[in-house]
There are 2 protein chains.
Amino acid sequence: MKEKLFRRSSRKRDVILEELRKVITHPTAAILYNLVRKRIPNISLGTIYRNLDQMAKKGIIQKLDVAGKEARFDGNINKHYHILCTVCGRIDDVHEISYDNKKIEMAKIINGYQVSGYHLNYYGICSDCKQ
Amino acid sequence: MKEKLFRRSSRKRDVILEELRKVITHPTAAILYNLVRKRIPNISLGTIYRNLDQMAKKGIIQKLDVAGKEARFDGNINKHYHILCTVCGRIDDVHEISYDNKKIEMAKIINGYQVSGYHLNYYGICSDCKQ
DNA sequence: GTCAATGCAAACGATTTGCACGAAT
DNA sequence: ATTCGTGCAAATCGTTTGCATTGAC
């Protein structure tokens, strides 16, 4: 957990990561800011953003692939999926689905959600960028 | 195509939709603005946003579920998926994949992309909002 | 005539950045 | 001593909104 991922250690970064790992709610930067402020009152929102970015780039946290105004972050980098409430915007984890055709297409209830649909995005390097 | 979807007809809305349907590049509002301006030079960016929103709500276009600063739109509402280049940000359609377990997990090349991963998001109404 | 659609500019909200200072190596 | 990490505020960027006008019905 304390390998040579970053050039210098920082208590603030450590606390941001700890607080993110504590919750299962996929918080925004602002929400995390409020959580972290309870422990480090003088931390600034800019520091939250800078550290979340850094950690997401290193792959120790996840920046969620969700459209919308505010970015959301996940401290759990184990492979799992998400379900989003189209009414209140809440995001929950989806663990129990096995990804065969029938279940993806036919799942109607997941985690108590009435499922209306899903989106699947692939990531990769396009042929132009592969050069 | 010209049913009673909207209370009043609007040539600007029609042209926005036409231009969006012409391209396969999942443009941002600003890109579409430039395309539409070639035909309607005095159109404003606000009108582009208002109409894209409206049409997405009616379901005649798609607002893509992609994280990032700018929203992207798709004139093709047939069920299909997307592949995003992690280097240049380009987005292409994915049509040929059949969604059984093996293919999702094992696809290594799609549309010339070197695939690195995928994200699956479900949508629905959470139990609290269902009341 | 009514009220939706529009242009324009200002407002907004999330995120980023420049700068000077403090801290880890 | 170097230069990363930080607080702070200003800047930026995408998007939304208020208002007066135009246009569809």
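Residue numbers begin at 1 in each chain, while the letters A, B, ... track the order of the sequences.
Here dC3(C) presents its C1' atom at 17 Å from CZ of F6(B), a figure rounded to the nearest Å. For I16(B) and dT6(C), the CD1 to C1' distance is 11 Å, given to the nearest whole Å. Atom CZ of R7(A) is separated from atom C1' of dT3(D) by 9 Å (rounded to the nearest Å). Straight-line distance from the CG atom of L45(B) to the P atom of dT6(C): 13 Å, rounded to whole Å. Distance, K4(B) NZ to dC25(D) P: 6 Å, rounded to whole Å. If you measure from atom CD1 of I48(B) to atom P of dC8(C), you get 13 Å, rounded to the nearest angstrom. Atom NZ in K12(B) sits roughly 10 Å away from atom C1' in dG23(D) (whole-Å rounding).
Between S9(A) and dT25(C), a side-chain N or O to OP1/OP2 separation shorter than 4.0 Å is present. Close to dA5(C), at under 4.0 Å from its OP1 or OP2, lies a side-chain N or O of R13(B). S44(A) has no side-chain polar atom (N or O) that falls below the 4.0 Å cut-off from OP1 or OP2 of dC8(D). An OP1 or OP2 oxygen of dA23(C) is reached within less than 4.0 angstrom by no side-chain nitrogen or oxygen of S10(A). Contact annotation: Y49(B) side-chain N/O to dT15(D) OP1/OP2 distance is under 4.0 Å.
Partners of K69(B) by side-chain contact (heavy atoms from CB on, under 4.5 Å), not counting sequence neighbours: none found. With sequence neighbours excluded, the residues satisfying ring-ring contact (aromatic ring centres under 6.0 Å, His included) with Y123(B) are H119(A). Legend: residues meeting salt bridge (charged side-chain N to carboxylate O under 4.0 Å, His left out) with R8(A), ordered by chain and number and at least two apart, are absent. Evaluation of the side chain to side chain donor-acceptor pair (under 3.5 Å) rule for K22(A) yields E19(A) as partners, not counting sequence neighbours. Annotation: salt bridge (charged side-chain N to carboxylate O under 4.0 Å, His left out) contacts of K130(A) (sequence neighbours excluded): none. For D65(B), there are no salt bridge (charged side-chain N to carboxylate O under 4.0 Å, His left out) partners at least two apart in sequence or on another chain. T28(B) meets the side chain to side chain donor-acceptor pair (under 3.5 Å) test with no other residue; sequence neighbours excluded.
Against DNA chain C, the stretch residues 29-43 of chain B makes heavy-atom approaches under 4.0 Å through N42(B), I43(B). For the contact set between residues 54-77 of chain B and DNA chain C, defined by any heavy atom under 4.0 Å, the members are Q54(B), K69(B).
For Y118(B) against K79(A), the heavy-atom pair with the smallest separation is O-NZ, 2.8 Å.
Distance from the side chain of T47(B) is smallest to dT6(C) among dT6(C), dG5(D), dA5(C).
Checked by distance alone, R8(B) brings a side-chain donor or acceptor within 3.5 Å of a matching partner on the base of dC3(C).
Between I16(B) and I43(B) the shortest side-chain heavy-atom distance falls below 4.5 Å.
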Anything under 3.5 Å between a donor and an acceptor, one on a side chain of residues 70-77 of chain B, the other on a protein residue two or more places apart or in another chain? List them.
unit_1, atom_1, unit_2, atom_2, d
R72(B), NH1, H26(B), O, 2.8
D74(B), OD1, N76(B), N, 2.8
D74(B), OD2, H26(B), NE2, 3.4
D74(B), OD2, H80(B), NE2, 3.0
D74(B), OD2, H82(B), NE2, 2.9
N76(B), OD1, N78(B), N, 2.9
N76(B), OD1, N78(B), ND2, 3.3

Enumerate donor-acceptor pairs with a distance under 3.5 Å from any side-chain N or O in residues 52-64 of chain B to protein atoms, sequence neighbours excluded.
unit_1, atom_1, unit_2, atom_2, d
Q54(B), NE2, N51(B), OD1, 3.0
K58(B), NZ, L5(B), O, 3.0

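Heavy atoms of other residues, nucleotides or ligands lying less than 6.0 angstrom from CZ of R39(A) number more than 12.
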Please write out the pairs of protein N or O atoms and N or O atoms of nucleotides 17-21 of chain C separated by less than 3.5 Å, giving the distance to one decimal.
unit_1, atom_1, unit_2, atom_2, d
dG18(C), O6, R50(A), NH1, 3.4

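For the pair N51(A) and D53(B), nearest-nucleotide mapping onto DNA chain D gives the more 5' position to N51(A).
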